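It should be emphasised that the depicted structure is a prediction, and the values quoted were computed from it without experimental measurement.
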Amino acid sequence: MALALGVGAGVLTLESVYGFLFYIIGFTLTNLVFYQICCQGRVKEFFRKPLHEVFIDGIASNVAGFLMMWCLVFALVK
């Protein structure tokens, strides 16, 4: 999802804080959809610390891929 969000931010030619806000909002929305569809609202059955494992670890570990795609697509569009 981070790569797709990076492409989206690059195509929209978002810069600076707006690109990171796009990433955080997009990542949060996809995680909420994941909670509802895949976990069917019973997150405690699948994760010990759901907020930490999915949201915080996910955002921190995927930011490099987001930045790579964001910069690549931004450079191609501009």
Atom CZ in F34, atom CZ in F27: separation rounded to 0.5 Å?
10.5 Å

CA sep, side-chain torsions, deciding dist, call: C39, F47, side-chain contact (heavy atoms from CB on, under 4.5 Å):
CA-CA 10 Å; C39 299; F47 300 101; 4.0 Å; yes

Please check if the number of heavy atoms outside F46 that lie under 6.0 Å from its CZ is greater than 12.
yes

Are M68 and M1 connected, step by step, through hydrophobic side chains (Ile, Leu, Val, Met, Phe, Trp, Tyr) whose heavy atoms are closer than 4.5 Å?
no

Roughly how far, to the nearest 0.5 Å, is OG1 of T30 from CD1 of I37?
11.0 Å

For the side chain of Y23 and the backbone of I59, is there at least one donor-acceptor N/O pair under 3.5 Å apart?
yes

Please give me the minimum heavy-atom distance between E53 and R48, naming the atom from each residue.
OE2-N, 3.3 Å

Which heavy atom of G19 sits nearest to which heavy atom of F66, and what is that distance?
O-CZ, 3.4 Å

Does CZ belonging to R42 count more than 12 external heavy atoms closer than 6.0 Å?
yes

Of all the heavy-atom pairs spanning F22 and L12, show the shortest one and how long it is.
CE1-CD1, 4.0 Å

Please name the pair of heavy atoms, one in A2 and one in N62, separated by the smallest distance, quoted to 0.1 Å.
CB-O, 3.4 Å

Does one hydrophobic cluster hold both V73 and V63, with members joined at side-chain heavy-atom distances below 4.5 Å?
no

Mind checking whether W70 and F74 have ring centres under 6.0 Å apart?
no

Before you tell me yes or no, could you show the steps for L5 and M69 under side-chain contact (heavy atoms from CB on, under 4.5 Å), namely the whole-Å CA-CA distance, both residues' side-chain angles and the distance that decides it to 0.1 Å?
CA-CA 8 Å; L5 289 169; M69 289 307 292; over 6 Å; no

